[in-house]
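So that we are looking at the same thing, I have put the structure below in structure tokens.
Protein chains get the first letters and strands the later ones, always in sequence-line order, with residue 1 at the start of each. When reading the values below, keep in mind they use all heavy atoms of this one structure, side chains included, and skip hydrogens, waters and symmetry mates.
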Amino acid sequence: MQTHSAKRVEITIEAVMQSRLTDALKQAGVSGYTVLPVLGGSGRSGDWTRAGEIGRASGMVQVVCILRPERLSVVLERAFAVVEKHIGLVTVSDCDVIRAERF
Amino acid sequence: MQTHSAKRVEITIEAVMQSRLTDALKQAGVSGYTVLPVLGGSGRSGDWTRAGEIGRASGMVQVVCILRPERLSVVLERAFAVVEKHIGLVTVSDCDVIRAERF
Amino acid sequence: MQTHSAKRVEITIEAVMQSRLTDALKQAGVSGYTVLPVLGGSGRSGDWTRAGEIGRASGMVQVVCILRPERLSVVLERAFAVVEKHIGLVTVSDCDVIRAERF
Amino acid sequence: MTEIFALAGQNLLSPIILSFALGLAAALARSDLSVPEAAAKALSIYLLFAIGFKGGVAVAAHGVDLTLALSLLAGFVLSALLPLVAFGLLRAMTGLSALDAAAIAAHYGSISIVTFVAASSVLDSGGIGYEGYMVAVAAAMEAPAILSALWLISRSGGSDGARRMDRDLWREILLNGSIVLLVGAFAIGWATGEDGLAEISSFIVSPFKGVLCLFLLDMGLVAGRGLRQSAGLLQMRVLAFGILMPLVGCVFGLAAGMLLGLSTGGVALLMVLSASASYIAVPAAMRVALPEANPALSLTLSLGVTFPFNLTLGIPLYVAMARAATGG
Amino acid sequence: MTEIFALAGQNLLSPIILSFALGLAAALARSDLSVPEAAAKALSIYLLFAIGFKGGVAVAAHGVDLTLALSLLAGFVLSALLPLVAFGLLRAMTGLSALDAAAIAAHYGSISIVTFVAASSVLDSGGIGYEGYMVAVAAAMEAPAILSALWLISRSGGSDGARRMDRDLWREILLNGSIVLLVGAFAIGWATGEDGLAEISSFIVSPFKGVLCLFLLDMGLVAGRGLRQSAGLLQMRVLAFGILMPLVGCVFGLAAGMLLGLSTGGVALLMVLSASASYIAVPAAMRVALPEANPALSLTLSLGVTFPFNLTLGIPLYVAMARAATGG
Amino acid sequence: MTEIFALAGQNLLSPIILSFALGLAAALARSDLSVPEAAAKALSIYLLFAIGFKGGVAVAAHGVDLTLALSLLAGFVLSALLPLVAFGLLRAMTGLSALDAAAIAAHYGSISIVTFVAASSVLDSGGIGYEGYMVAVAAAMEAPAILSALWLISRSGGSDGARRMDRDLWREILLNGSIVLLVGAFAIGWATGEDGLAEISSFIVSPFKGVLCLFLLDMGLVAGRGLRQSAGLLQMRVLAFGILMPLVGCVFGLAAGMLLGLSTGGVALLMVLSASASYIAVPAAMRVALPEANPALSLTLSLGVTFPFNLTLGIPLYVAMARAATGG
Ligand SMILES: Nc1ncnc2c1ncn2[C@@H]1O[C@H](COP(=O)(O)O)[C@@H](O)[C@H]1O
Ligand SMILES: Nc1ncnc2c1ncn2[C@@H]1O[C@H](COP(=O)(O)O)[C@@H](O)[C@H]1O
Ligand SMILES: Nc1ncnc2c1ncn2[C@@H]1O[C@H](COP(=O)(O)O)[C@@H](O)[C@H]1O
Ligand code: NA
Ligand code: NA
Ligand code: NA
């Protein structure tokens, strides 16, 4: 099966910032993204868990975006501008995709 | 710690197709898979979110399958046959696993 | 945008073992981790799904930990000591992170 | 005419409709108000269980007769027939592809159980009686429309419907969770009768309307979100179909109801079922069988246009028509 | 004998049992009907809170006496003892390993609170009284069985039980969410008494049975799914154990209840507790302490075989036995 | 004085407070008891809907007057003013940075709707009347505090408040889900009045207190977890602020209530609103606008210190003060 190289950007960010991040991704021209729920975690700002929470202040989501390698730098710039002052994590890894025409 | 190279196949697919996909994976001889919930996303067919949905028509799941490199091509063929006409994304990346005897 | 190489450790483990695993990760000196919910899966011990479950016995979670490459081996040792006798999966892959000072 | 407006006005001021309006407005205004998916599903499980159970108890109380069997048959035929009408209308009125038209048609042949419940509660408030087994008719109308749509596709060429219809899909359609729950609860209600109802009525009867408010709040949120996201997608002609089709459908329901000799309320409910469009069972089946069809189109039309139309203006209209026709 | 069948027949036709049957049938037929995990957990929180609270109120009303303390002790002893019996039976009847046998044995020493509730509601319908504090006895029987199972493992060699029993595990067993909630609600009910109950009875009393129906629908779905997935796993002899063990267990409960001089309902409930098997607290503890044991085996046996047996035939049988023994 | 203690004692023994205590104790003891997020959100949707609806019905029953408008204005002013007081106190009492102080101050200007509800139910039990529109005042007090806090930040230099206040944030603050639901349900209750309430009262009135118990169980769990995790974080002086601020705030509420000429219950509720601190709308807004502020600090203070203080001792105290002041 024919595959094509792509980049997988995974951004873990506070739930309140989700729409700002995805707006930025769209402006950076990504073809799509997927949002995964996050149950809990730990970092410099302490431990947290979603269990029993009613507000949106203390939760995170993970936004995964697959993109062509040449788009990476502009997407990272835009995403970083949103994440910068916020709790969050941005990782990039290599992957192969099938159906490259979709990206 | 001794690790072994493997492939990580990540398939984002409509929830209604989940059992068809996992049946195909089993037929392709994978040793297992893990299904992650997806909260929402965006792509050529627009934005969506699971919030408040009661039907299964408008949600996706992510199926992650770790496999030996030599199994990759047959698994991709089978998975692709299911995904083909459907909204969805297939990515492959390299990883290392411990306890290779399990795969 | 400046990025730094890191390792992405992904551990799929029984929900009952989550706190033991994260305690071990902390003792191994990781700077943080993120816990993702898992909907279901399949492996040598059969198929399972969280749907309708009330106990914690039959569910899994995915713990993702981004770390500096030099920390990898000690983290794997510690994590493996917890996972060893349990159902579960440990994979390691390469990634790049921005804001390396956080790790 | 005044009666319709009086009923419509009274209907519009019920907490149920206003809750829907609140959800709709909140979503259109881009509020972050949302009902968790698990809670929305739990509400729908409650409603299906309660609706089915009460229908079963009503049948246990009033017994089975030939009309019941004929009504089920009529429901089946209506559900199979209406997609053909809808398909014809869509092809004539709009520029949609055969695939998209067929997918939408399937939604309109099938039914919306919440519209059915809202109509029942309007009848209850108005003191208009109806056959308890109409719930069973509703269940019988869920699935046949799907088959008609697939037949339409196989006929209009392009790809063969038979291939799309594998064994798994059959099972999924017939054993769809919402159908199983509705029919199962109906059977339980039938088997346990008034005694069973007495045991659990403070769960399934007294709080029912309040739960329905929260459910409709959620439906409003989902509909509003859908409308906002596919605003550009819906041409005027497609929108017009979303209002026209229920008006056409209700006439078929009226005819069938009169033929069967149903009570006033029964006729009204059959009209409501014919006029309403599915947004649970059918969308899922369409994603499997017709993945090329645009899901946003049919869902927005059925939940964002037809559902609110029926809820606000449709139901009072159908009730008034049924009263006029049956003299009830 | 006729009495048992009458009671069993009446029991089988209750909405509660039929809801379980509906879930079971839906899962076996591979319907996609499912209750969201969060909703299932919410239902169980409601049930534990209501059960505990009402038990506490009953104790507040009738006061504490020596029998309460002795009953708690008896529950503790039964829970610790029954795993030894179960282990012996399993090793004699089946070819299971010591590990798997011990894990299963722990489930059968502990209890199923839903079986307990179903039995209480049968007693209520039958107008048979019981001690309010039996809920506390139920709570006392949750955990000791786990310790017995670990002791069995350490004795039968292989690996040492002490190592498996770290401090975290102790805390997890004793502060398990379901035990804390049951005991906590019991304490609140006790402290606030009839006044407290009056404030919240339209939440925890009136809709209780209806909620129980939905919960049992879910239990049926989970049990059916388990049975379907581990169909190959369960040999006939293991299945037989799932029916035999409650029959053996109930005799211990009967003996203890008679010794304590409990009321007819109290004896029946102690039999039910002894005959039922855990599927919440114990499975989680076993996954931590005995990860090598096959979880599908014990869960399917307890939830897929013993639970439905008790629900349908067991409870009427135990009630009849208790009536015969106490002359009540 | 004795009256306060009597009321406090009676209050402490209510199932509502004890449920909170149970959750708190379970979390501090590290039990794994937890309410699923979706269930907790569903409970809060239910409570907001019920509270808003009942408030609207009360207004429909008693009509609108000038005091209503003035009370809304007073609520707005209090919410905008109290953060300045809180900020001053924090800067004087503690070593917190301007950012952290402003974030905390925003919480204390806003309100806790559950504290409000708990107080209403204490008033109800005590037969003390209050203005139905106080719910609307509560809604009016949700957001202004956020603006004050941003103004404080922009004034105290460091970074400009205008930049932090983009259009999206405005929308998020004003169309925050909990505000929309509370105000929307209020409007529905107002529009449908007693008739609307009659339709759904067995959902939103009878089981209300019981639902509140489960919600407070969850709040106790969340508060306990927060306290445990940020034990090291909170200096004594910050903790002291969490008790002192409500005592200061309530005086402002008392003054405003007397000026407005509210009933005894109305004054007490305005005191409760002034004394309570937000843990839903404000924390989310602060994460967007002041991401550098430590969220654990403000949440733990408002939910882990001030909330339980108000629930147990504060409410009886405020009620007693209001009675003394109004002679009611
Ligand atoms: N090293 C890491 N690996 C994975 N996730 C992390 C890591 N560090 C932080 N996170 C996630 O990011 C959140 C915020 O991190 P922090 O800003 O360090 O408090 C944590 O709660 C985790 O969910
Ligand atoms: N580039 C992408 N990166 C990550 N997820 C994507 C991407 N494109 C599409 N998706 C996911 O796949 C779904 C369907 O995509 P599409 O078929 O483009 O509408 C979207 O809703 C996303 O969840
Ligand atoms: N090859 C695999 N790829 C992804 N996940 C797996 C794989 N094998 C096992 N798993 C996950 O690990 C769980 C336990 O696996 P097992 O121990 O093989 O029963 C499964 O239920 C899956 O969630
Ligand atoms: Na229809
Ligand atoms: Na037992
Ligand atoms: Na305040």
Side-chain angles (χ1 to χ4, degrees), chain A residues 10-30 33-63 65 75-91, chain F residues 23 27 32-45 47-48 107 113-114 159 164 166 168-169 171-172 176-178 215 217-226 228-230 232-233 278-292 294-300 303:
Chain A
E10 185 178 297
I11 306 170
T12 308
I13 193 173
E14 295 177 81
V16 286
M17 297 303 291
Q18 178 182 323
S19 63
R20 284 179 175 77
L21 174 65
T22 55
D23 287 352
L25 291 176
K26 281 180 189 163
Q27 277 163 28
V30 306
Y33 55 81
T34 296
V35 185
L36 303 181
V38 175
L39 269 190
S42 176
R44 293 162 312 136
S45 48
D47 291 9
W48 63 274
T49 157
R50 290 285 325 144
E53 293 286 346
I54 46 173
R56 290 189 314 138
S58 60
M60 303 193 93
V61 293
Q62 207 169 76
V63 177
C65 186
V75 168
L76 281 189
E77 302 287 352
R78 297 269 193 158
F80 188 65
V82 176
V83 180
E84 197 180 357
K85 299 214 164 183
H86 286 269
I87 288 178
L89 214 68
V90 182
T91 70
Chain F
D32 69 348
L33 179 60
S34 75
V35 175
E37 181 190 357
K41 284 189 173 161
L43 290 175
S44 85
I45 288 173
L47 293 176
L48 289 168
H107 289 69
I113 199 74
V114 179
S159 88
R164 295 173 180 275
D166 60 5
D168 281 356
L169 184 56
R171 203 195 49 241
E172 278 174 23
N176 175 287
S178 55
F215 187 74
L217 175 73
D218 180 53
M219 289 289 94
L221 288 166
V222 173
R225 215 187 298 137
R228 195 154 50 72
Q229 274 162 7
S230 37
L233 216 73
S278 167
Y279 44 85
I280 305 186
V282 175
M286 288 299 111
R287 287 318 297 147
V288 175
L290 302 182
E292 308 89 342
N294 185 336
L297 208 57
S298 39
L299 249 177
T300 307
L303 188 58

Subject >> I87(A) side chain near R287(F) side chain, heavy-atom distance below 4.5 Å >> reply: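 With C-beta onward as the side chain, the pair touches.
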Original post:
Top residue by heavy-atom pair count (under 4.5 Å) with chain A, among E37(F), E172(F), Q229(F)?
Top reply: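 Sorted descending by pairs with chain A, the first entry is E37(F).
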**OP:** Output the option from R20(A), E14(A), E53(A) having the highest count of non-hydrogen pairs under 4.5 Å with chain F.
**Re:** R20(A)
**OP:** Identify the two heavy atoms, one from A51(A) and one from V222(F), that lie closest to each other, and give their separation to 0.1 Å.
**Re:** O-CG2, 4.2 Å
Original post:
What part of D168(F) lies closer than 4.5 angstrom to a heavy atom of chain A: side chain, backbone, both or neither?
Top reply: both
Original post:
Measuring heavy-atom distances to chain A, does M286(F) have an atom under 4.5 Å in its side chain, in its backbone, in both, or in neither?
Top reply: neither
**OP:** Give the member of G46(A), A15(A), A57(A), S45(A) that has the highest number of heavy-atom pairs under 4.5 Å with chain F.
**Re:** A57(A)
Subject >> Atom pair CZ (R171(F)) and OG (S19(A)), whose distance is rounded to the nearest 0.5 Å >> reply: 7.0 Å
Original post:
So how far is it from M219(F) CE to I54(A) CD1, rounded to the nearest 0.5 Å?
Top reply: 4.0 Å
